[in-house]
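Naming: A, B, ... by sequence-line order, numbering from 1 per chain.
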Amino acid sequence: MRKYLLILSIVLLLIPSTLGLVSLFYTPYPITQMDLGNRFSGMSTEHLLGTDQFGRDILSRLMVASRYALLLGTVSVTLGLFIGSLIGIISALSKKWISMIFLRFIDGMLAFPGIVLAMMFVVVFGDGIYSTLVAIAIFMIPIFARLTYSLIKEQQHALYIVAAKSIGLSTTRIVWRHYLPVILPRLVTQFSASIGSAILIESALSYLGLGVVPPNASFGLMLKEAQSFMLSYPYLILPSGILLVITVLGLNLMGDTLNDRLMKLGDTND
Amino acid sequence: MTILSCEDVSKHFKDTVAVKGVSLALGAAESIGIVGESGSGKSTLANILGGLIPPTSGTVYFDGEKISDMKKTDYMNFRQNVQFVFQSPKESLHPYLKVRTSLREPFYAKGRRRTLKKEIDSQILRALERVQLNESVLDKYPHQLSGGQAQRVSIVRAMITDPKVVIFDEAVSALDILVQREVIEILKKLRQNIRTSYLFITHDISTVQSLTDRIIVMKDGRIVEIGKTEDVLNDPQNSYTKKLIESAI
Amino acid sequence: MKEIIRRIASSIVLIIVVSFVTFFMLMLIPGDAVEISLGTEATPERVTELRAALGMDAPWYTQYMSWFTHALAGDFGVSFTYGENVTTLLLSRLPVTLSLMLMAIVIAVPLALTIGVIAALKQNKTFDIIARTLMQMGDAMPQFWIALIFLVYIAAQIEIFPISGFTPFSESVYGGVMSLFLPAVVLAFGMIATLIRIVRSSMLHSLKQDYMLMTRVSGVHPVRAIIKYPLRDALIAPLTVIGIQISGLISGVIVVESIFSLPGVGRLLFSAVLKRDLFLILGLVSFIVTSVIIITLITDILYILLNKKMRRNES
């Protein structure tokens with residue numbers, strides 16, 4: 001069963017990945033090219049997925065949108081992972097009052113609902129791709145910080161960690177070579193799960209007009225534009241929406257199967 | 001010449017006092033056994049002597065210096081020269097690292113001069129011979145070893161950098177009786193060739209018979225008897241010591 | 001008891017920290033908020049005038065203290081764009097948002113409980129598999145897309161539910177409920193996947209423990225035996241995730257209100273962000289985050305109390 005899900009997730013992910021990758025060199029039409037005489041056309045041999053309200057080719061826009069989504073998702077979560085884990089590790093291994101401060105700080109960040117945090121960020125730093133990227137990274141930081149903190153705390157009194165300390169190893173080395181192998185599985189799971197969330201958040205932001213802005217292409221943005229015409233031309237909400245769901249679904253499934261795999265690995269070592 | 005000692009050391013935990021005013025001195029190349037039932041404070045004392053936990057009161061001296069006063073370099077020196085072998089061999093070795101990697105770790109201790117990997121590996125091989133382990137264990141993970149093998153690996157890890165003191169905290173207690181005897185034999189042989197001091201913590205007084213020069217008996221955090229091994233075993237002064245000896249036979 | 005006091009204390013600290021961070025962030029807004037709000041009328045004299053009137057010429061920590069002390073009294077300042085008291089604005093929009101959230105919860109929770117329990121009882125059979133697949137897919141869909149699909153394919157076809165706008169309950173209760181129904185369903189969609197998962201896994205967990213015992217004790221009608229403890233645990237399960245759910249719910253509310261043009265707090269915040277309306281943003285964000293913290297606190301306390309009770313009952 002698990003194997004099929006893994007294969008399914010890879011297949012699903014291949015779609016946006018290839019589209020995105022190819023978009024770096026080639027798109028059937030430039031994404032900004034308008035063809036006002038040919039608006040709202042359905043699927044055809046010229047425009048495989050039709051055209052939007054400005055006559056722009058939907059397929060090309062989807063390809064670029066995939067690229068942005070995957071890039072943005074991966075980069076922002078990676079940033080969040082690194083900074084968050086660093087904070088989590090430091091606060092787990094520090095003296096009581098230092099770690100208290102860190103924890104309060106992390107709790108503070110976690111108290112903001114995702115969109116609220118991102119919105120505030122956009123208010124201060126403006127919209128656009130880079131703002132969104134940083135905003136999502138900031139959203140991810142406390143998640144990873146909390147996670148690494150509790151993972152390290154769990155292992156802190158394990159005998160092999162005490163042994164490592166008794167050998168005289170430096171804390172950095174203990175973190176790097178002794179703690180990390182143990183906490184890595186959970187981190188990886190969280191990582192893949194978060195990319196999906198990151199993409200959803202980005203699309204919500206773009207949808208509200210606070211993320212990626214025209215004339216760029218993003219799933220959320222395309223959906224927002226589609227909304228204005230949803231009564232007259234409802235088809236428009238399907239391509240971007242479906243591709244978005246495929247991407248996130250693929251990511252989530254991959255995360256789940258990874259999770260199961262890694263859990264198994266941990267068990268055999270008992 | 002005393003290498004490790006403590007003076008009037010006590011340790012308080014939340015509601016209990018584990019160690020009450022203990023003083024002892026371990027000489028260079030000497031082997032002392034600390035015997036007592038569980039709860040006697042012997043493990044706590046060992047951890048204090050080894051610098052893993054601080055005493056609530058009292059001082060610990062290494063090579064004449066107070067460890068609480070030590071500067072970084074001296075402390076690192078202390079840390080590398082006082083090693084532990086813990087009770088649970090499989091748990092004290094990193095579950096996800098191969099034996100080879102775990103055995104290389106001591107060479108990367110803070111402040112140690114970097115040794116070449118080749119040199120490290122050859123030292124490891126020689127050490128494995130001394131504990132009668134085949135080099136095939138190097139590629140195994142802790143959970144793939146037997147209790148005896150794992151504990152011998154721990155012994156190698158503790159002794160491979162030639163520490164001045166090795167503290168064995170109930171090191172054979174979790175092993176089967178026959179394996180226990182094997183390990184104790186190995187430790188005896190090691191003693192003959194290497195001038196390390198041993199601190200052997202155990203609840204089973206029979207295990208220290210052939211391994212130690214002196215025995216200290218602890219009960220409820222205090223030392224109740226101390227003396228040369230043969231003297232204590234043949235002519236115990238304290239009634240508690242007598243009970244321990246009787247129950248071991 | 002001690003724990004409860006500790007939680008309360010740390011929540012208070014948290015609220016203060018949060019308000020401070022929010023304030024600080026907003027102070028960083030490039031471009032003068034005053035200038036923006038004055039728009040075309042932003043002559044240098046008027047700008048200085050307004051700044052002085054708003055106390056914005058004082059150093060930032062003074063501004064913070066003044067804002068904070070006022071906020072404690074319930075005064076969050078005045079909104080640039082609406083010209084009204086922030087608090088008044090907030091209170092006028094609150095009923096809509098609360099009704100919306102309430103409806104969403106009323107729809108989501110019973111559904112989740114039913115589906116979750118049945119899925120657990122029929123583990124790995126058709127029902128369960130379908131349920132889990134739907135949940136997986138639901139997780140991958142952004143709420144606004146679900147909303148759009150609903151709007152296009154349901155609302156537009158069946159004319160009962162209004163596509164946008166809100167009929168206040170004061171005018172017509174039926175109208176009010178109808179206009180909130182679709183948005184509430186969309187919101188519920190967002191919550192339901194996680195809720196079902198929790199209910200199902202908690203049910204499975206309890207089933208594994210009690211069921212085995214019970215079946216050996218013959219004479220006890222299995223259904224009744226199963227239902228007693230596992231069901232109770234399953235029903236309580238959603239409580240444990242309320243904290244996280246509230247956060248997500250609020251995010252959803254903001255989006256949903258914007259889509260359906262509902263005059264709620266979420267949409268207010270959204271406009272405030274668009275217009276860089278400093279005091280409004282500050283006030284709303286502080287309110288929202290504080291509410292989240294308080295609700296999490298209450299849930300934590302309830303959970304502690306419940307645990308103590310259960311432990312006492314079992315021994």
When you measure from the side chain of W145(C) to the backbone of I237(A), do you find a donor-acceptor pair of N or O atoms at a distance under 3.5 Å?
yes
Please determine whether the number of non-hydrogen atoms from other residues, nucleotides or ligands lying under 6.0 Å from atom NZ of K122(C) exceeds 12.
no
Grab the two heavy atoms, one from V116(A) and one from L269(C), that are nearest each other, plus how far apart they are.
CG2-CD2, 4.3 Å
Contacting moiety of N252(A), where chain C heavy atoms sit under 4.5 Å
side chain
Top of P234(A), A111(A), S197(A) for chain C proximity - count of heavy-atom pairs under 4.5 angstrom:
A111(A)
Tell me, out of G196(A), G114(A), S203(A), who's got the most heavy-atom pairs with chain C below 4.5 Å.
S203(A)
Between the NZ atom in K224(A) and the OG atom in S258(C), the distance rounded to the nearest 0.5 Å is 10.5 Å
Most contact-rich option vs chain C, by heavy-atom pairs under 4.5 angstrom, among I242(A), I246(A), V122(A), is I242(A)
Heavy-atom cut-off 4.5 Å, strictly under: side chain, backbone, both or neither for L103(A) against chain C?
neither
What part of L148(C) lies closer than 4.5 angstrom to a heavy atom of chain A: side chain, backbone, both or neither?
both
Below 4.5 Å from any heavy atom of chain C, which atoms of Y207(A) appear? Answer side chain, backbone, both or neither.
side chain
So do I149(C) and L238(A) actually touch side chain to side chain, heavy atoms under 4.5 Å?
yes
Which answer fits L284(C), side chain, backbone, both or neither, if we ask what part of it has an atom under 4.5 Å from a heavy atom of chain A?
neither
If we only count heavy atoms from C-beta on, is the I259(C) to Q227(A) side-chain gap below 4.5 Å?
yes
With only heavy atoms counted, which part of L210(A) is less than 4.5 Å from chain C, the side chain, the backbone, both or neither?
side chain
Portion of F144(C) that has a non-hydrogen atom of chain A nearer than 4.5 angstrom
side chain
Within the supplied structure, the quantity of interest is the number of heavy atoms (other residues, nucleotides, ligands) at a distance under 6.0 Å from F191(A) CZ; does it exceed 12?
yes
Structural part of T290(C) lying under 4.5 Å from a heavy atom of chain A
neither
Tell me the closest heavy-atom pair linking V255(C) and I115(A), and the distance in Å.
CG2-CD1, 3.8 Å
Side chain, backbone, both or neither: which part of I288(C) has an atom under 4.5 Å from a heavy atom of chain A?
side chain
Please find the pair of heavy atoms, one from P113(A) and one from V292(C), that lie closest to each other, and give the distance.
CG-CG2, 4.4 Å
Interface moiety of V273(C) toward chain A, non-hydrogen atoms closer than 4.5 Å
both
Please classify the contact between F105(A) and chain C as side chain, backbone, both or neither, with a heavy-atom cut-off of under 4.5 Å.
neither
Gap between atom CD of Q136(C) and atom CG of L5(A) - 0.5 Å precision:
8.0 Å
